Amino acid sequence: QDSGFHSQFKDATHESVIKYREVSKKPPNTNDVSFWLPETGYDPNDFYDLVRDVGGDCVEQVNLIDDFFNPKKSMRSHCYRIVYRHLDKVLTNQEVNVIHDKIKAEATDKLGIVIR
């Protein structure tokens with residue numbers, strides 16, 4: 001099953017109007033990123049937007065896969081899974097790592113998160 005295809009219909013109902021997006025036939029490259037949230041002012045939509053802005057056409061999906069609260073530190077952590085895949089070419093691990101590192105750096109600077 002192709003997650004890029006199925007994700008387009010994830011929240012659909014029989015009344016939903018869905019605009020189909022072409023799915024790449026190239027293999028996906030998946031990376032996770034975990035970070036501590038700032039005490040105030042964090043909005044997950046800002047992270048989704050940042051990933052899309054930095055990754056552009058190379059990002060197929062961004063999903064929150066873990067929301068963890070550490071009672072000892074009184075801190076909350078999020079872990080996101082980012083699926084990288086381009087329509088026209090296979091992305092190398094090196095290409096994905098460059099984008100992923102840039103996402104982490106910009107999220108740290110702009111959103112006040114701390115990478116775990």
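Worth saying up front: this structure is predicted, and the values here are computed from it rather than measured.
To the nearest 0.5 angstrom, Lys102 atom NZ is 10.0 Å from Leu50 atom CG. The NE2 atom of His78 lies 11.5 Å from the CD1 atom of Ile65; values are rounded to the nearest 0.5 Å. Between Phe35 atom CZ and Leu111 atom CG the span is 7.0 Å, to the nearest 0.5 Å. Here NZ of Lys89 is found 11.5 Å from NZ of Lys26. Values are rounded to the nearest 0.5 Å. To the nearest 0.5 Å, atoms CG (Asn29) and CG (Leu91) are separated by 7.0 Å. Atom OH of Tyr84 sits about 5.5 Å away from atom CG of Asn31, to the nearest 0.5 Å.
Between Trp36 and Asn70 the shortest side-chain heavy-atom distance falls below 4.5 Å. In this structure, the side chains of Val59 and Val83 stay at 4.5 Å or more apart for every pair of heavy atoms. Side-chain contact between Tyr80 and Pro44 is present, with heavy atoms from C-beta onward closer than 4.5 Å. Inter-residue side-chain proximity for Ile115 and Thr108 is flagged as met; some heavy-atom pair is nearer than 4.5 Å.
Closest of all the heavy-atom pairs between Gly112 and Pro38 is O-CB, 3.7 Å.
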request  = Show your reasoning for whether side chain to side chain contact (heavy atoms under 4.5 Å, CB included) applies to Thr30 and Arg81.
outcome  = CA-CA 7 Å; Thr30 303; Arg81 177 154 295 149; 3.3 Å; yes
task = Go through Ile113 and Phe47 one step at a time and tell me if the side chain to side chain contact (heavy atoms under 4.5 Å, CB included) criterion holds.
result = CA-CA 10 Å; Ile113 57 99; Phe47 182 73; over 6 Å; no
task = Before giving the answer on side chain to side chain contact (heavy atoms under 4.5 Å, CB included), spell out for Met75 and Leu37 the whole-Å C-alpha distance, their side-chain angles and the decisive distance to 0.1 Å.
result = CA-CA 7 Å; Met75 295 177 72; Leu37 304 181; over 6 Å; no
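Hydrophobic clustering keeps Leu87 apart from Ile99 (ILVMFWY residues linked when any side-chain heavy atoms are closer than 4.5 Å, directly or through intermediates). Cluster annotation: Tyr42 and Leu64 are assigned to the same hydrophobic cluster (Ile/Leu/Val/Met/Phe/Trp/Tyr, side-chain heavy-atom contacts under 4.5 Å, transitive).
The stretch residues 61-74 participates, sequence neighbours left out, in these salt bridge (Lys or Arg N to Asp or Glu O under 4.0 Å) pairs: Asp67-Arg76. Sorted by first and then second residue, the pairs that involve residues 106-116 and meet salt bridge (Lys or Arg N to Asp or Glu O under 4.0 Å), not counting sequence neighbours, are Glu106-Lys110.
Between Asp101 and Lys104, at least one side-chain N (NZ, or NE/NH1/NH2) sits under 4.0 Å from a carboxylate O, which counts as a salt bridge.
Around the CG atom of Asp57, the shell of radius 6.0 Å holds no more than 12 heavy atoms that belong to other residues, nucleotides or ligands.
Looking only at distances, no side-chain donor or acceptor of Ser77 sits under 3.5 Å from a matching main-chain atom of Phe68.
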